[in-house]
Amino acid sequence: MKENNTLTRLLGAMEDKYETAYAHCDYPCGIYDPHLAQLSALTVVRMVDLMNAIPKPKPENPSELLDYVHDMARAVEVKEKHAELCKHEVRVIWGDFIKPEHVKAHPDLHEIVFNIMKFGGKSKQEPDRDAAMKLLNEVNKFSEIFWEIKGVKTKRAKSPYDPHEEVVYPQL
Amino acid sequence: MWTPVKVVKISGNSMAPYAKDGDYAVSTKFFFSIAPGDVLVFRSPVDGTILIKRVRNLETSGEGTKFFMEGDNRMRSTDSNTFGTIAKKSIIGKVIFIARQKRAEPA
């Protein structure tokens, strides 16, 4: 398979007619864990709770209004970031780790991922605790499937910190 | 249009140094066998994208023979380690020639 510049030039003259074969560049490190997706979903729930708990400013007090806007902006920013992070983490596991045989064994897997994308998006659009909880619930289902594929048992328990909602933990 | 020979342009460096980004791979459907070490052009079982990788081993079961594909540059390859083995029907061709792009020699 020597370099052949004449042939390369000839082939190059018809380049528009060729399809591309990808020799993908990626780093399949083999480290996959839905933990970050779960923490992100929990964070989204927590941010909605905090947004509802921020004291409403009195109209006659500009300083309170400034504090309110400031605290609300920070909570929204964290909610946005973690909803997107949750979606990203699930996409990576789904795209890089999940194989066709896993989908065959767990036929609802694609729908769960689809729901995570949808509820992640809705959690960004609105301060909706119901959507945030649905996001967390779908991520929990995704995590249970992930650990089952890995042959690791799981249990559900309430997070020992706010918002004290149910999360899937691997029993290592 | 069906042709016995298929030329593809390579994008990426997971097959470096055997084939690099921008090279052309000439492959054929006419082959008698596939063995570990052969380089194949095939469709990804995930999304149908055309890929080029080397056969690491063959896995035979009741469903027939499947091929475990890996890039030569394994730290830069998305391959059977991530998308699983491929079936024979996914194979577009066995690479018979790499036409390399002329590159500047390193200083």
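Not measured: the values here are computed from a predicted model. Any value given below was found using the heavy atoms of this structure, including those in side chains, with hydrogens, waters and symmetry copies removed. Proteins get letters first, then strands, A, B, ... in listed order; numbering begins at 1 in each.
In the displayed structure, A:R74 atom CZ is contacted under 6.0 Å by at most 12 heavy atoms of other residues, nucleotides or ligands. In this structure, A:H164 places its NE2 atom where more than 12 heavy-atom neighbours from other residues, nucleotides or ligands lie under 6.0 Å away.
Highest contact tally toward chain A, considering only B:I10, B:V8, B:V7, is held by B:V7 [criterion: heavy-atom pairs under 4.5 Å]. Chain B forms more heavy-atom pairs under 4.5 Å with one residue of A:K17, A:E101, A:K99, A:M14 than with any other, namely A:K99.
Remark: B:I98 CD1 to A:L7 CG distance equals 11.0 Å, nearest 0.5 Å. Put simply, CD1 on B:I52 and OH on A:Y22 are 13.5 Å apart, with the number rounded to the nearest 0.5 Å.
Scanning both residues, A:A23 and B:M15, for their nearest heavy atoms gives CB-N, 4.1 Å.
When the side chains of ILVMFWY residues are joined at heavy-atom separations under 4.5 Å, either directly or via intervening members, A:V92 and A:V90 end up in a single hydrophobic cluster. With hydrophobic clusters built from ILVMFWY side chains whose heavy atoms lie under 4.5 angstrom apart, A:V76 does not share a cluster with A:V78. Residues B:I96 and A:L11 fall within the same hydrophobic cluster, defined by Ile, Leu, Val, Met, Phe, Trp and Tyr side chains chained together at heavy-atom separations under 4.5 Å. Clustering ILVMFWY residues whenever any of their side-chain heavy atoms sit less than 4.5 angstrom apart, transitively, puts A:V167 in a cluster other than the one holding A:I116. Note on A:L136: it clusters hydrophobically with A:Y169, by side-chain heavy-atom contacts below 4.5 Å among ILVMFWY residues.
At a 4.5 Å heavy-atom cutoff, the contact between B:K6 and chain A is made by side-chain atoms alone. Looking at B:Y24, the atoms closer than 4.5 Å to chain A (heavy atoms on both sides) all sit in the side chain, from C-beta outward. Neither the backbone nor the side chain of B:S27 comes within less than 4.5 Å of any heavy atom in chain A. If you measure heavy-atom distances from A:I98 to chain B, the contacts under 4.5 Å come from the backbone alone.
One N or O on the side chain of A:T8 and one on the backbone of B:R100 form a donor-acceptor pair closer than 3.5 Å.
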